There are 2 protein chains.
Amino acid sequence: MREPLDPALFADCDDHTDLPVRVGDKWTAKILVCLRDGPRRFSELQVPLAPVTPKVLTESLRAMERDGLVTRTAYDETPPRVEYELTPLGHSLFQPLAASCTWNATHGAEMARAREEYANRR
Amino acid sequence: MREPLDPALFADCDDHTDLPVRVGDKWTAKILVCLRDGPRRFSELQVPLAPVTPKVLTESLRAMERDGLVTRTAYDETPPRVEYELTPLGHSLFQPLAASCTWNATHGAEMARAREEYANRR
DNA sequence: CAGAATCCGATTGGATACTG
DNA sequence: CAGTATCCAATCGGATTCTG
């Protein structure tokens, strides 16, 4: 079986509002990363994405399903099991996402400095 | 002097909420495009960006100025003249923006189809 | 011309509690 | 386990009006 997701996967991640390029809603990019190497259960996703609430996580996953980025597979067992998996279309988003990450790595600090300077200039 | 901006520059542009990758807020990406070839006045920007209101356009420009993406230069004349110009940091955003546009061109139709199919499956 | 001020509706994300 | 159902605060974008 595959490795469980690292609970601290996004620990040192900037707040999404601090970055100029966003993919989907607040949680979409992180969900993409979590599903990169294969399907994951709902409860697996909740671990690295904490403190996301079930309602909000469901909303993001539904939107991604609607857009054809993920598939949702429910297994008829007790307790219930549901798996989310990236489609090829979902995988294709890693291309622009990588470009965004490259920008953050290359220019993120410069933007942060510009913000501080702007704040200090009041 | 340079060409005026085409009033229909964004006429056949998808609504920003239809696309998965966004740069800044609702108007940021379009402002980047308007400033690509050199400085522009506030009123010049309003033309292709119509029906943006002055308040919202100002908010976007202020945020971009704060982030070091544009400079704002006010000339002390009557009537007043203000010019906005991209910084090198602002120009650097065309890299991830291009990746986003490539994705839209390559996979946008597929996402649109997925949405229709999802809607019809109710 | 280039905005500032005010007010407002819609959307977003979250807290909390409950269920098949 | 994998959600759903309510309720709610904050943010976003826009309409309108006014000004140096």
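Residue numbering restarts at 1 for every chain, and letters A, B, ... go by the order of the sequence lines. Note that the structure is a prediction, hence the values are computed from the model and not measured.
With values rounded to the nearest 0.5 angstrom, Thr71(A) atom OG1 is found 10.5 Å from Met64(A) atom CE. The distance from atom CG of Leu61(A) to atom CD1 of Ile31(A), rounded to the nearest 0.5 Å, is 4.5 Å.
At its two ends the helix from dC1(C)-dG20(D) to dG20(C)-dC1(D) runs along axes set 50° apart, each axis drawn from five pairs and the angle rounded to 10°.
Environment of CD in Gln95(A): sparse, with no more than 12 heavy atoms of neighbouring residues, nucleotides or ligands closer than 6.0 Å.
Residue pairs meeting the ring pair (Phe, Tyr, Trp, His ring centres under 6.0 Å) criterion with at least one partner in residues 98-120 of chain B, sequence neighbours excluded, are Trp103(B)-His107(B). Applying the side-chain hydrogen bond (donor to acceptor under 3.5 Å, both in side chains) rule to pairs touching residues 24-37 of chain B yields Asp25(B)-Thr28(B), Asp25(B)-Ser60(B), sequence neighbours excluded.
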- prompt: Run the side-chain contact (heavy atoms from CB on, under 4.5 Å) check on Phe94(A) and Leu97(A) step by step: do they pass?
  reply: CA-CA 5 Å; Phe94(A) 281 108; Leu97(A) 182 59; 3.9 Å; yes
Under 3.5 Å, which donor-acceptor pairs do the side chains of residues 72-79 of chain A form with other protein atoms, sequence neighbours left out?
residue  : atom : partner  : partner atom : Å
Arg72(A) : NE   : Tyr84(A) : OH           : 3.4
Glu77(A) : OE1  : Arg81(A) : NE           : 3.4
Glu77(A) : OE2  : Arg81(A) : NH2          : 3.0

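A continuous path of ILVMFWY side-chain contacts below 4.5 Å connects Leu86(B) to Leu9(B), so both sit in one hydrophobic cluster.
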Between the protein and nucleotides 11-16 of chain C, which nitrogen or oxygen pairs are less than 3.5 angstrom apart?
residue : atom : partner  : partner atom : Å
dG13(C) : OP1  : Lys26(A) : N            : 3.4
dG14(C) : OP1  : Lys26(A) : NZ           : 2.5
dG14(C) : OP2  : Trp27(A) : NE1          : 3.1
dG14(C) : N7   : Lys55(A) : NZ           : 3.0
dG14(C) : O6   : Lys55(A) : NZ           : 2.1

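The distance between atom CG of Leu61(B) and atom P of dC1(C), rounded to the nearest whole Å, is 17 Å. With rounding to whole Å, Leu57(B) atom CG is found 10 Å from dA2(C) atom C1'.
In this structure, the salt bridge (charged side-chain N to carboxylate O under 4.0 Å, His left out) partners of Arg115(B), at least two apart in sequence or on a different chain, are Asp67(A), Asp18(B). Every residue meeting the side-chain contact (heavy atoms from CB on, under 4.5 Å) condition with Ser43(A), not counting sequence neighbours, appears here in chain and number order: Arg41(A), Gln46(A). Residues satisfying the side-chain contact (heavy atoms from CB on, under 4.5 Å) test with Thr102(A), not counting sequence neighbours, are Thr106(A). Partners of Glu117(A) by salt bridge (charged side-chain N to carboxylate O under 4.0 Å, His left out), not counting sequence neighbours: none found. Residues passing the side-chain contact (heavy atoms from CB on, under 4.5 Å) test with Ala99(B) are Pro96(A), Ala99(A), sequence neighbours excluded.
Near-neighbour residues of DNA chain C inside residues 67-87 of chain B, defined by a heavy atom below 4.0 Å, number-ordered: Arg72(B), Pro79(B), Pro80(B), Arg81(B), Val82(B), Tyr84(B).
Running 5' to 3' along DNA chain D, contacts with non-hydrogen atoms of chain B at under 4.0 Å begin and end at dG13(D) to dG20(D).
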